[in-house]
Amino acid sequence: MDRLLAGNVFAWLKYLMNGAMELTNNSPPPNEIGELYLYSEKPVVFGEVNTLTCFVSGFFPPAIIVTLQKNKKPASGKVNSSHLSYGKDWRFQVLHNTYIQPADGDIYSCRVLHNISKEEKVIYWEPEEQISAEELDTSQHAVLICGMITGILGTAVGLYLCFSLLLSGWGSLIIRINNPSQ
């Protein structure tokens with residue numbers, strides 16, 4: 001059964017490679033890794049479970065090893081992978097994700113190794129807890145309120161000066177320069 005499945009996979013890959021070669025004048029795409037993206041599913045709250053996702057796109061052929069890491073060690077939870085898919089340019093993409101429980105100081109990474117070209121790319125993500133308006137301390141509230149008051153007062157004074165100059169006639173004052181030699 002495994003041999004039949006492996007044969008089908010190789011036949012499918014050969015079909016894709018032939019299609020790519022026809023589109024590119026019989027020259028295979030280069031062996032490379034495209035782009036990496038590493039992000040969390042939800043806003044970070046330290047100590048709460050979240051999903052970390054590594055999206056790898058633009059690689060060819062589909063011979064890569066993806067490793068999700070926490071503080072330079074492989075992620076401790078089960079890593080799930082999406083099905084391999086490809087775009088119009090015959091480059092592949094895949095998602096890998098795992099559950100995490102981020103803490104202050106953690107650094108996560110997604111390491112991708114291309115089996116054929118031996119190219120390796122790494123992307124890092126350091127979780128930052130999102131601060132909501134309720135969590136602002138007194139000094140932050142004071143700065144926020146002072147900034148709003150300054151903005152409102154500045155706008156009011158500017159408008160007052162503009163309208164008072166227009167109403168007093170200064171807005172239509174034309175300065176004429178006379179040539180003394182005439």
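None of the values given here were measured: they were computed from a predicted structure. FYI, the numbering just counts along the sequence from 1.
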Compare all side-chain heavy atoms of E126 with those of D106 and state whether any distance is below 4.5 angstrom. no
Measure from the side-chain N and O atoms of H114 to the backbone N and O of F60, and report whether any donor-acceptor pair falls under 3.5 Å. yes
Find the distance between CD1 (I100) and OG (S40) and round it off to the nearest 0.5 Å. 6.5 Å
How long is the straight-line distance from NZ of K72 back to CZ of R111, given to the nearest 0.5 Å? 9.0 Å
If only atom types and distance count, is the side chain of S82 paired as donor or acceptor with the main-chain N or O of V94 below 3.5 Å? no
Any chain of hydrophobic side-chain contacts (each under 4.5 Å) joining V112 to L38? yes
Between CD of E41 and CG of N97, what distance do you get to the nearest 0.5 Å? 8.0 Å
Could you measure the distance from the NZ atom of K118 to the CG atom of L113? Nearest 0.5 Å is fine. 6.0 Å
Residues pairing under disulfide (SG to SG under 2.5 Å) where one sits in residues 62-96, two or more places apart or in two chains, turn out to be none
Backbone of Y124 reached by a side-chain donor or acceptor of S109 within 3.5 Å: no
Nearest-0.5 Å distance that lies between atom OH in Y108 and atom CD1 in I123: 15.5 Å
Quick one: list whatever passes salt bridge (Lys or Arg N to Asp or Glu O under 4.0 Å) with K121, sequence neighbours left out. none
OH/Y99: more than 12 non-hydrogen atoms of other groups inside 6.0 Å: no
Let me check something: do L95 and V79 share a hydrophobic cluster, defined by ILVMFWY side-chain heavy atoms less than 4.5 Å apart, either directly or through other members? no
Rounded to the nearest 0.5 Å, how far apart are CD of E128 and CH2 of W125? 9.5 Å
Consider only side-chain heavy atoms of I, L, V, M, F, W and Y, link residues closer than 4.5 Å, and tell whether Y15 and F92 are in one cluster. yes
Do the side chains of C54 and V56 get nearer than 4.5 Å, heavy atoms only? yes
Check the hydrophobic clustering (I, L, V, M, F, W, Y; side-chain heavy atoms under 4.5 Å; chains of links allowed) and say if F55 and I33 are grouped together. no
